[in-house]
Amino acid sequence: MKKRVGMEVSFAAAEAIKLCNVDVIAAYPITPQTHIVERLSEYVANGELDAEFVPVESEHSAMSLCVGSQATGARSFTCTSSQGLALMSEIVYITASLRLPVVMMLANRSLSGPLSIWNDHSDVMSVRDCGWIQLFVRNSQEIFDHAFISYKIAEDHNVLLPLIINFDGFILSHMFEPVELVEDSIIKQYLPPYDPKYVLHPDRALTMGAFAMPAVYTETKKAQDEALRQSYPYILKAWQDWGDLTGRYYHPVEESYTEDADTIFVALGSFAETTGEAVKTMREQGHKVGLLNLRLWRPFPFEAFSRAVKNARNLIVLDRAISYGGPGGPVASEIRSALYNLENRPQVYSFISGLGGRDVTVQDYIDMFEKAISGKAPQDEIFGVRG
Amino acid sequence: MNDANVYAVKSLTKKEYLAPGHRSCLGCGEVLAVRLVHKALGRNTITASATGCMEIVSSPFPLTSWEIPWIHVAFENAAAVAGGIEAALKVLERKGKIAPKDIHVVAMAGDGGTADIGLQALSGAMERGHKFLYVCYDNEAYMNTGVQRSSATPFGAHTTTSPAGEIVPGQITWKKNMPEIAVAHNIPYVATASPSYPLDLVNKIKKGAEAEGPAYVHILSVCPTGWGVGSEETIKIGRLAVQTGFFPLYEVENGRYRITVDCEELEPLERYLQPQRRFRHLTKEMIDFIRQRVLEQWEELKRRAGQTDPVAG
Ligand SMILES: Cc1ncc(C[n+]2csc(CCOP(=O)(O)OP(=O)(O)O)c2C)c(N)n1
Ligand code: SF4
Ligand SMILES: [Mg+2]
């Protein structure tokens, strides 16, 4: 019997993390992530989850603590947003290079200044090159499912990398949505207990975090990059296996109406839902538009992406962050370089929108589309700036 | 029974947990302290290290000097990493995922990694009550990056960022009192130690490791390179720091102070300061000023030790 219940998305996320039977949770409050860890602390206080809940004194320590606990063999979890990510980012990079499969949920929020608690992607884009597997979810069901999927991927001995689940702050985190729960037996079948490859334990003298001289630094970094690239098939496999058990299949790029589309929107996160509405409307008006939802951000799914856009003439890439003084939004500039060597590459229009919680409506997407196909759009534009 | 006197030199294990062949300078007091600490702790130990001299001299990939599980993550977070190790051991034992075992969880950092950039993580870990031992190896400056001042650099000392110039006479702030900051966290065990008094040090590490909660041991570690003393002077200078009252050896067990190496009469402060290049510019007035502070602090310590535990004195 499949059970569907309505709840706040943050609570669905916490419920899933509880069902993952995590061992250590280190967390520090920051809006809009906080409801998840509040709920987790309740589970621990009520004995519903046997874990160490460590209310650390900063996000820097949250990630540091997770490094220590994961290195000792405990399934570890933390959750943050915005300034919290910025503060912990030093350790975020180190977690990946230590190959520790910590899972973190990131309720995307803009970075200061000016201070804004609202949603955009400037936080996640600031750690683009941190070496974690990074993916985006769009709704309650997806974040719920991805708790299990993420530990499954991260802890796979062929992967052993940390993973960030990105989800939009407020727009998603504070929504009330239905979610289909998953039976315990399925979770047990899908997600085995954490079986660490290397642990800190007196049984074996192990040195973790040695420093590297120039003679070996490049080699360690190449190895790390390869590890991230080589995680790709295991990510696909984890999605496939989850789909086989639950009927819900996920893909690195998810397409709608792209097959015959001249113009394709590229979106990350829950904005793809509104973009999808806009695409439907434009289709009804007879425009050949499509939508590509980029679910997997790292490792970047080059092949799947190129295949999906190969027949399009225009790509409208929706960025939610600025690369100040750089070549357009961070997603757009990356996509431009990903496409550069293709013989028939589409034109890429970079629209930066939805910064700091600014709403982007169906009509806005239609306006972007018209601008792009009229040839009047500049290569890069911060869209919707008021006079 | 846990008294310094019961540990004879012979009772120290011959086993090295910090193998020789590391890259410290000749006569390094800090590495000597690290070695003694780990001899005292034994093999059932997991150590989380901060960035600094001790990390650099012991772990150039693919080599390591460590014969125990050891992790280095960053400069300011050794206490948080140790907190994670402790939390993991606790929950994994409780859930039956690992066999119960008495494992010492240890964090180690220099004075910079402790009193400056790592103070927040350390305070958090002590306040939360993780059962771990934090050892600060205090060589009174950022040695790994080339002898810059820290908040643990003593008044008057020349460093590369508190140079003795025509107008400013070196460090112009008093040494931050880290042990007192630890005491203020109401943790069960705080102590100062010196590798020049190895049995006292070993005893304190053992006590700290057995404490029911966070323990903090602050070890003055003579750095011949940064202090400008001969590499053969390390032990002697370390002793003089204690005998002049500059760095008293004491412990605070559940709030009770006890001076563990008593000096009936303090040696003249000059005997400690004058052999060190970092102090050679000090005038008589400055030395007198330092002397006054040292005496005040020594009297205050004696008062606390005497008041709370007159017998042990
Ligand atoms: C965040 C950060 N800031 C600065 C540094 C540079 N750094 C590395 S070690 C060090 C000094 C260490 O001093 P201390 O903690 O006293 O240890 P010592 O080397 O003296 O034993 C500094 C400044 C760093 N690694 N990380
Ligand atoms: S600089 Fe000082 S503390 Fe560092 S290794 Fe040399 S003697 Fe030891
Ligand atoms: Mg130092």
Side-chain angles (χ1 to χ4, degrees), chain A residues 21-26 28 44 50-58 60-76 78 88 90-91 93-95 97-98 100 102 193-196 198-213 215-217 219-220, chain B residues 17 19 42-49 51 55-56 58-92 94-95 97-99 101-105 107 118 120-125 127-128 130 132:
Chain A
N21 194 14
V22 297
D23 301 309
V24 173
I25 301 156
Y28 193 82
V44 173
D50 188 1
E52 285 296 303
F53 182 89
V54 191
V56 282
E57 84 299 331
S58 75
H60 194 282
S61 285
M63 189 50 67
S64 302
L65 199 127
C66 284
V67 166
S69 56
Q70 193 83 41
T72 312
R75 184 174 282 167
S76 306
T78 188
M88 69 165 62
E90 182 198 26
I91 311 305
Y93 281 72
I94 299 172
T95 311
S97 61
L98 289 173
L100 295 171
V102 176
Y194 177 37
D195 169 28
Y198 302 105
V199 283
L200 296 171
H201 191 278
D203 284 351
R204 186 173 166 205
L206 191 83
T207 291
M208 288 192 195
F211 81 94
M213 291 296 281
V216 292
Y217 185 84
E219 285 68 22
T220 64
Chain B
Y17 296 99
R43 69 180 298 246
N44 286 335
T45 300
I46 304 174
T47 295
S49 172
T51 312
E55 167 258 332
I56 291 292
S58 66
S59 71
F61 184 80
L63 306 177
T64 178
S65 307
W66 291 98
E67 305 253 4
I68 49 152
W70 179 90
I71 182 170
H72 159 252
V73 183
F75 185 20
E76 65 289 72
N77 66 352
V81 175
I85 295 169
E86 186 254 9
L89 291 174
K90 206 152 99 184
V91 66
L92 294 177
R94 195 168 66 225
K95 285 176 153 179
K97 293 185 184 177
I98 57 171
K101 189 171 197 156
D102 202 5
I103 299 172
H104 305 310
V105 178
Q120 173 178 322
L122 170 58
S123 174
E127 174 274 323
R128 291 190 300 271
H130 294 285
F132 80 123

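The analysis underlying the following values was restricted to heavy atoms, covering all of them including side chains, and did not include hydrogens, waters or symmetry mates.
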Which of the residues [options] is involved in the greatest number of heavy-atom pairs with chain A at under 4.5 angstrom?
options                            : answer
B/Thr64, B/Ile71, B/Thr47, B/Asn44 : B/Ile71
B/Ala74, B/Ala87, B/Gly124         : B/Ala87
B/Ile56, B/Thr51, B/Thr45          : B/Ile56
B/Pro69, B/Ser65, B/Ala88          : B/Pro69
B/Ile85, B/Ile98, B/Ile46          : B/Ile85
B/Val105, B/Ile68, B/Leu63         : B/Ile68

With a 4.5 angstrom heavy-atom cut-off, is it the side chain or the backbone of [X] that approaches chain B, or both, or neither?
X        : value
A/His201 : both
A/Leu200 : both
A/Ala71  : side chain
A/Val216 : side chain

- Give a yes or no on whether a salt bridge exists between B/Arg128 and A/Glu57, defined as a side-chain N under 4.0 angstrom from a carboxylate O. yes
Notebook entry, point to check: Are more than 12 heavy atoms from other residues, nucleotides or ligands located less than 6.0 Å from atom CZ of A/Phe211?
Noted result: yes
Neighbour count >12 (heavy atoms, 6.0 Å) for atom CZ, B/Phe61: no
Between A/Ser69 and A/Ser76, is any side-chain donor less than 3.5 angstrom from a side-chain acceptor? yes
Shortest non-hydrogen contact from [X] toward [Y]:
X        : Y        : value
B/Val73  : B/Val81  : CG2-CG2, 3.7 Å
A/Thr78  : A/Cys66  : CB-SG, 3.9 Å
B/Lys101 : A/Asp203 : NZ-OD1, 3.4 Å

Practice item. Name the orientation class of the two ring planes belonging to B/Phe132 and B/His130 (parallel below 30°, tilted from 30 to 60°, perpendicular beyond 60°). Key: perpendicular
Note: vs chain B, highest number of non-hydrogen pairs under 4.5 angstrom among A/Asp50, A/Val67, A/Val24 is A/Asp50
Heaviest contributor of heavy-atom pairs below 4.5 Å to chain B, chosen from A/Gly209, A/Ala51, A/Ser64, A/Ala62, is A/Ser64
CD of B/Gln120 to OG of A/Ser61, rounded to nearest 0.5 Å, is 6.0 Å
Bottom line for B/Ala48: the part with an atom under 4.5 Å from chain A's heavy atoms is neither
